[in-house]
Amino acid sequence: MKTLQIDIWSDIACPWCSIGKRRIEAALERFPHKNDVKITWRAFELNPAAPKVEPQTGGAYAERLAQKYGWSVKAAQERLDSMVEVAKKDGLDFRFDHIKPGNTFDAHRLVHLADKRGLQGAMKERLLRAYMTEGEQMSDIPTLVRLATEVGIDAEEAQALFASDDYANEVRADEREAHQIGISGVPFFVIGRYGVSGAQPAEALLQVLDKAWAEAPELAETELSEGATCGADGCV
């Protein structure tokens with residue numbers, strides 16, 4: 001039987017990645033071969049140099065965003081408001097007033113551990129909701145352990161992960177491969193031989209799924225289409 005592999009590079013601290021997850025899920029609900037699809041979540045850090053906890057400078061998230069990217073506060077708030085409305089249409093509740101920026105490396109290691117337990121999709125979903133809606137700190141180890149147990153990972157196993165360097169090499173390998181492919185923004189989907197950049201509409205993703213399924217297991221050079229992403233220069 002055919003199996004269609006989908007690799008998705010994304011970050012936890014990425015609103016478009018959360019939206020993209022919803023849209024690929026919506027596309028798969030309409031895809032007649034969804035039970036023959038294997039999704040692997042791959043690591044991508046938008047800011048690998050981010051501190052464990054970013055210093056609190058005061059003010060609203062829009063003010064911090066404006067300072068970071070050189071926008072006016074009004075323009076930053078308009079971008080956030082627009083993204084909140086887009087997210088609502090995909091069933092997501094973004095709370096930028098709750099977000100706690102920080103390093104996501106350990107969260108990515110946890111996603112790799114979850115993959116070994118058959119819980120990767122659930123773990124990715126829980127982390128995205130924790131960050132985008134609930135204001136959880138993604139670099140806080142006790143928080144990550146608690147979130148891991150909520151999806152079925154043993155607390156001792158999660159604690160052992162963070163007391164070690166386990167899956168650090170896997171995270172770095174994901175990021176090296178992203179660089180080799182030329183990924184500069186996420187989410188980025190590799191569906192069969194097709195590369196899809198950004199949180200494109202479910203209908204567009206479904207068309208790619210149909211094409212990739214019809215051609216599987218043939219291999220060829222990646223064909224690329226582009227949509228909204230988050231990158232080092234912000235979310236567009």
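Below, each value reflects all heavy atoms present in this structure, side chains not excepted, and no hydrogens, waters or symmetry copies.
Note that OH of Y61 and NZ of K68 are 7.0 Å apart. Values are rounded to the nearest 0.5 Å. Taking CD of E170 as the reference point, atom CG of D115 lies at 10.0 Å (rounded to 0.5 Å). We find the OG-CZ distance between S10 and F189 to be 8.0 Å, quoted to the nearest 0.5 Å. The distance from atom CD1 of I153 to atom CD of Q159, rounded to the nearest 0.5 Å, is 12.5 Å. Between the CD1 atom in I39 and the CD atom in E25 there is a gap of 7.0 Å [rounded to 0.5 Å]. Rounded to the nearest 0.5 Å, atoms CG (N103) and NE2 (H108) are 8.5 Å apart.
At least one side-chain heavy atom of L209 sits under 4.5 Å from a side-chain heavy atom of I6. At least one side-chain heavy atom of R64 sits less than 4.5 Å from a side-chain heavy atom of P101. Looking only at side-chain heavy atoms (C-beta outward), E125 and R22 come within less than 4.5 Å of each other. Counting heavy atoms from C-beta on, the side chains of V111 and R42 never come closer than 4.5 Å. Side-chain atoms of W16 and M83, non-hydrogen and from C-beta on, do get closer than 4.5 Å to each other. Counting only heavy atoms from C-beta outward, the side chains of L113 and D166 never approach each other to under 4.5 Å.
Using a distance-only test at 3.5 Å, with no hydrogens or angles considered, a donor-acceptor pair links the side chain of R109 to the main chain of L161. In terms of modelled atom types and a separation under 3.5 Å, the side chain of T104 and the main chain of A107 share no donor-acceptor contact. Under a 3.5 Å cut-off, the side chain of T149 and the backbone N or O of R146 do form a donor-acceptor pair. With hydrogens and angles disregarded, no donor-acceptor distance shorter than 3.5 Å links the side chain of D11 to the backbone of A43. Here the side chain of K38 pairs no donor or acceptor atom with the backbone of Q5 at under 3.5 angstrom.
The salt bridge (charged side-chain N to carboxylate O under 4.0 Å, His left out) test applied to K124 returns no partner, not counting sequence neighbours. Here L147 pairs with M123, R126, L127, A130, M138, T143, E150 under the side-chain contact (heavy atoms from CB on, under 4.5 Å) rule; sequence neighbours left out. Listed by chain and number, the residues in a side-chain contact (heavy atoms from CB on, under 4.5 Å) with A204 are Q200, P201 (sequence neighbours excluded). Scanning for side-chain hydrogen bond (donor to acceptor under 3.5 Å, both in side chains) contacts around Q120 gives an empty result, with sequence neighbours left out. Partners of H33 according to the ring pair (Phe, Tyr, Trp, His ring centres under 6.0 Å) rule, which considers only residues two or more places apart in sequence or in another chain, are F31, W213.
Criterion: ILVMFWY side-chain heavy atoms under 4.5 Å apart, direct or through other members. Under it, I181 and L46 are part of a common hydrophobic cluster. One hydrophobic cluster, built from ILVMFWY side chains closer than 4.5 Å, cannot hold both I183 and F105; they sit in different ones. V73 and W71 fall into different hydrophobic clusters, where Ile, Leu, Val, Met, Phe, Trp and Tyr side chains are chained together by heavy-atom contacts under 4.5 Å. Taken together through direct or relayed side-chain contacts under 4.5 Å among Ile, Leu, Val, Met, Phe, Trp and Tyr, V171 and V190 form parts of separate hydrophobic clusters. When hydrophobic clusters are built by joining Ile, Leu, Val, Met, Phe, Trp and Tyr residues whose side-chain heavy atoms come closer than 4.5 Å, directly or via intermediates, L128 is not grouped with I24.
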Legend entry - Stepwise side chain to side chain contact (heavy atoms under 4.5 Å, CB included) check, L110 with F162: CA-CA 9 Å; L110 181 56; F162 299 121; 4.1 Å; yes
Legend entry - CA sep, side-chain torsions, deciding dist, call: M132, L92, side chain to side chain contact (heavy atoms under 4.5 Å, CB included): CA-CA 9 Å; M132 292 303 310; L92 296 165; over 6 Å; no
Inset, instruction - Check the pair I99, Y131 against side chain to side chain contact (heavy atoms under 4.5 Å, CB included), reporting the backbone distance first and the verdict last. - result: CA-CA 6 Å; I99 282 179; Y131 180 80; 3.2 Å; yes
Inset, instruction - Run the numbers on V86 and F94 for side chain to side chain contact (heavy atoms under 4.5 Å, CB included), then give the verdict. - result: CA-CA 10 Å; V86 170; F94 285 178; over 6 Å; no
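Across all non-hydrogen atoms, the minimal contact from L4 to A212 is CD1-CB, 3.8 Å. Among all heavy-atom pairs drawn from A199 and I19, the shortest one is CB-CG2, 4.1 Å. The minimum heavy-atom distance linking F96 with P15 is given by the pair CZ-CB, 4.3 Å. The two residues A178 and F44 make their nearest non-hydrogen contact at CB-CD1, 3.9 Å. Annotation for A148 and A158: closest pair CB-CB, 4.0 Å, computed over non-hydrogen atoms. Here the shortest heavy-atom pairing between G20 and P187 reads CA-CG, 4.3 Å.
No more than 12 heavy-atom neighbours from other residues, nucleotides or ligands sit within 6.0 angstrom of CG on D165. In this structure, K74 places its NZ atom where only 12 or fewer heavy-atom neighbours from other residues, nucleotides or ligands lie under 6.0 Å away.
Between D106 and K52, at least one side-chain N (NZ, or NE/NH1/NH2) sits under 4.0 Å from a carboxylate O, which counts as a salt bridge. A salt bridge is defined here as a Lys NZ or Arg NE, NH1 or NH2 lying under 4.0 Å from an Asp or Glu carboxylate O, and D36 with K2 fails to meet this definition. Salt bridge status for E45 with R172: present, with a side-chain N to carboxylate O gap under 4.0 Å.
Residue pairs meeting the salt bridge (charged side-chain N to carboxylate O under 4.0 Å, His left out) criterion with at least one partner in residues 201-210, sequence neighbours excluded, are R30-E203.
Looking only at atom types and distance, the side chain of D174 has a donor-acceptor partner in the side chain of H112 under 3.5 Å away.
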